[in-house]
Amino acid sequence: MMWPSRLIEPAGQTPPAALILRLTLVDLLLRPGGTWVVRPATLAIAALGLLAPAVLRAPIAWLALAGLTGWRVVADWPLSDNHAYLLSYWCLAVAIALWLPEGAGALRRSARWLMAMAFIFTVLWKGFLAPDYLDGRFFRVTLMVDERFASASQLFGGLTREELMANREALRPAPGGAELLEPLDLIEPPAFRRFASFATWWTLGIEAAIALLFLLPLRGRGVAMRHTVLLLFCATTYAFAPVAGFGWLLLVMGLSQCEERDRKWRFLYAAVFFFVLFVVEIPWARLALQWSR
């Protein structure tokens, strides 16, 4: 078989399921990244892939997406988002899987190892290399200063809007690197401390579980546990974390672990994929906060 043909047509007798490929393209369409040079090309290939099955299964299309998403990492260096790296690796893994005779199996193995290594390094960083994570400072500060968490901080942390703004003012760096003689005290009700502590340890614990479950070669109930924990992580984390693109990517990679006969798990992955879309686009925490008053 000629090389150009291999680049255009999938070689696999068992290619990756179309749902995996389509949801990856939906992720790229909904959360395109990169500069004005990269973004139009990414959107064009993703749209064509959804409309044309030949493009969807063409290795060269996914190789181009791997290059475009990889260029995004290079262009934003060293401030690239963590999931930008994983997205580029994933597009490359899809291109390779479409190129190989055992397409679905190759993609399943790639996804498993990418997930395992991503979460191993996450746990390594949070649990051993970042002292401001384990002592709770990361979530205590993030829940105060990031406006995207404002409603959740008020709803679950017991802060008022005025207290939240006062905390942000207290945390605002002084100009020119100066320091206040008397630093302002932060307002942290007991409910807020509990919320930040729960977020810290729940996140670390469930990420460690995912790392272990994807690292080990599991069968039967072990595989069911792997799916359950990953779905629980995505449903709970991305209801709060404003990085839906990362959640969708993890769900697509988890979906690739399903066999064709695993209809229940395939349905649940697709359902949580769209659940993340709804909770990101609908300000549920702000609405719940208004209703609770």
Q: Under the side chain to side chain contact (heavy atoms under 4.5 Å, CB included) rule, collect the residues that match up with E162, sequence neighbours excluded.
A: T160
Q) Counting distance only, does the side-chain N/O of Q154 pair as donor-acceptor with the main-chain N or O of A150 below 3.5 Å? A) yes
(Q) Test your reading of the model: is there a side-chain donor-acceptor pair from R266 to the backbone of L255, 3.5 Å cut-off? (A) no
Q: Scan residues 27-50 for pairs that pass salt bridge (Lys or Arg N to Asp or Glu O under 4.0 Å), counting only residues two or more places apart or in two chains.
A: R31-E281
Q.
Does anything in residues 248-272 form a ring pair (Phe, Tyr, Trp, His ring centres under 6.0 Å)? List the pairs, not counting sequence neighbours.
A. H227-W265, H227-Y269, W248-F273
(Q) Under the side chain to side chain donor-acceptor pair (under 3.5 Å) definition, can you give me all pairs with a residue in residues 232-246, not counting sequence neighbours? (A) none
**Q.** Pairs involving residues 109-136, ordered by first then second residue, that meet salt bridge (Lys or Arg N to Asp or Glu O under 4.0 Å) (sequence neighbours left out)
**A.** E102-R109, K126-E207, D135-R137
**Q.** Non-neighbouring partners of F138 that pass side chain to side chain contact (heavy atoms under 4.5 Å, CB included), sequence neighbours left out
**A.** Y133, T142
(Q) So, taking the atom named CZ in F214 and the one named CD in Q257, what distance separates them when rounded to the nearest 0.5 Å? (A) 5.5 Å
(Q) According to side chain to side chain contact (heavy atoms under 4.5 Å, CB included), who are the partners of A52, at least two apart in sequence or on a separate chain? (A) V55
**Q.** Distance (rounded to the nearest 0.5 Å) between L23 CG and S256 OG
**A.** 11.5 Å
(Q) Walk me through whether I96 and L100 qualify under side chain to side chain contact (heavy atoms under 4.5 Å, CB included). (A) CA-CA 6 Å; I96 293 172; L100 296 176; 3.8 Å; yes
Would you give me the side-chain donor-acceptor pairs under 3.5 Å for residues 63-72, sequence neighbours excluded?
| from | atom 1 | to | atom 2 | distance (Å) |
| --- | --- | --- | --- | --- |
| T69 | OG1 | L65 | O | 2.7 |
| T69 | OG1 | A66 | O | 3.2 |

(Q) Suppose the criterion is side chain to side chain donor-acceptor pair (under 3.5 Å): which pairs have a residue in residues 73-86, not counting sequence neighbours? (A) none
Q) How is the hydrophobic cluster of F121 composed, in terms of its other members, when Ile, Leu, Val, Met, Phe, Trp and Tyr link through side-chain heavy atoms under 4.5 Å apart, directly or indirectly? A) W113, M117, I120, L124, W125, F128, L129, L215
Q. Are more than 12 heavy atoms from other residues, nucleotides or ligands located less than 6.0 Å from atom OH of Y89?
A. no
(Q) Checking the side chain of R226 only, and the main-chain atoms of L216 only, is there a donor and an acceptor separated by less than 3.5 Å? (A) yes
Q. What's the spacing between F192 CZ and L164 CG if we round to 0.5 Å?
A. 8.0 Å
Q) Can you name the residues that form a side chain to side chain contact (heavy atoms under 4.5 Å, CB included) with A196, not counting sequence neighbours? A) F139, R140, L143
Q. Should E259 and K264 count as an ion pair when the cut-off is N to O under 4.0 Å?
A. no
Q. Under the side chain to side chain donor-acceptor pair (under 3.5 Å) test, which residues partner R286, sequence neighbours left out?
A. none
Q | C234: which of L232, L231, L230 passes side-chain contact (heavy atoms from CB on, under 4.5 Å) | A | L230
Q: Decide if the gap between the ring center of F195 and the ring center of F149 is smaller than 6.0 angstrom.
A: no
Q.
Using every non-hydrogen atom in the two residues, find where L29 and A47 come nearest and quote the distance to one decimal.
A. CD2-N, 4.1 Å
**Q.** From OG (S151) to CD (Q290), nearest 0.5 Å
**A.** 8.0 Å
